[in-house]
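Note sheet for the following structure.
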Amino acid sequence: MGGREATMVLLDENGIRCDGRKVDETRKITIKAGVLKNADGSAYIEFGDNKILVGIFGPRDVHPKHMSDTDTGILRVRYHMEPFSVTERKNPAPSRREIEISKVIKEALEPAVMLEKFPRTAVDVFIEILQADGGTRCAALSAASVALADAGIPMRDLVAACASGKVADTIVLDVNNEEDQAGQADMPIGYMPNLKKITLLQLDGILTPEEYKKCVEVGVNGCKIVYELQKKALTDKYFGNGSD
Ligand code: ADP
């Protein structure tokens, strides 16, 4: 983002986007729960060309002990991009961006997790970005919720996440990497559909108050689509999808 000139048509005269989608369409999303044998819970998500794996460990003892809280459990989140996840090799050292995204995902998950049920312990959320293509924080947050549920961590709701944005002066759902680079705004949203609460909202770009409202509305609708797929991933694992 940031005013770079678009080298491609972001939205054609028929309202079709650069990857063939309509304005209110998400990319193809596939979520699978319980994919890692050695984790307490796990999930794998494909969100367009994003490929992300999440492993959950805990609740477990906190070391060093002074980091623990006698009244409540703590959530620790590490968002990590594989060096091969982007076209130019990414330096394996944690970047400021990875530290920031770890923090926003942690804060977006906290309202959903009943941390008070396991005082003095920690739940670790390890997020591995295998392939990135715009919108990894939303895809990772959605997968992390499923992985926490798969680990049997008591939760108030799942956090479903999807971004909306402004491309060619139009509010669109689920901004892809090209649209993120060349578009006018990107708004990642995390939402608990059952509790009707937003737990993540960021905005990169400039919107009018009307556009802002529309972006939230469109993004929340995207979260509801993701929510159905999250629930399906969990029911497929625990009640079978007929193919197992
Ligand atoms: P998000 O992935 O949540 O949209 P950003 O807006 O920061 O987060 O990043 C947008 C996209 O830019 C990423 O999904 C990824 O495809 C790409 N990207 C991020 N970091 C790098 C990097 N170090 N090298 C190349 N591409 C990157």
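Both ligands and their constituent atoms are indexed starting at 1 by order of listing.
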To which protein heavy atom is [atom] closest, and what is the distance rounded to 0.1 Å?
{"atom": "atom 15 (C) of ligand 1", "answer": "A132 CB, 3.7 Å"}
{"atom": "atom 3 (O) of ligand 1", "answer": "R137 NE, 2.8 Å"}
{"atom": "atom 2 (O) of ligand 1", "answer": "T136 OG1, 2.5 Å"}
{"atom": "atom 27 (C) of ligand 1", "answer": "V86 CG1, 3.5 Å"}
{"atom": "atom 23 (N) of ligand 1", "answer": "K90 CG, 3.8 Å"}
{"atom": "atom 4 (O) of ligand 1", "answer": "G135 N, 2.8 Å"}

Strictly below 4.0 Å, N to O, side chains only: are [X] and [Y] in salt-bridge contact?
{"X": "R156", "Y": "E116", "answer": "yes"}
{"X": "E98", "Y": "R137", "answer": "no"}
{"X": "R21", "Y": "D19", "answer": "yes"}

In Å and rounded to the nearest 0.5 Å, what is the [atom1] to [atom2] distance from [X] to [Y]?
{"X": "D174", "Y": "I29", "atom1": "CG", "atom2": "CD1", "result": "6.5 Å"}
{"X": "T121", "Y": "I74", "atom1": "OG1", "atom2": "CD1", "result": "8.0 Å"}
{"X": "L11", "Y": "I16", "atom1": "CG", "atom2": "CD1", "result": "8.0 Å"}
{"X": "Y227", "Y": "C162", "atom1": "OH", "atom2": "SG", "result": "15.5 Å"}

Contact (N/O only, under 3.5 Å) between [X] and ligand 1:
{"X": "N50", "answer": "no"}
{"X": "G134", "answer": "yes"}
{"X": "Y79", "answer": "no"}

Hey, which atoms in ligand 1 end up nearer than 4.0 Å to a heavy atom of N177?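 Numbered from 1, ligand 1 contributes 11 (C), 12 (O), 16 (O).
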In ligand 1, which numbered atoms sit nearer than 4.0 Å to a non-hydrogen atom of D180?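 Per the distance check, 6 (O), 10 (C).
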In this structure, which one of K214, M187, E211 forms a side-chain contact (heavy atoms from CB on, under 4.5 Å) with K166?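 The residue from K214, M187, E211 that satisfies side-chain contact (heavy atoms from CB on, under 4.5 Å) with K166 turns out to be E211.
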Determine, considering heavy atoms only, which of R97, E88, R89, Q202 sits nearest to atom 20 (N) of ligand 1.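 The nearest heavy atom belongs to R97.
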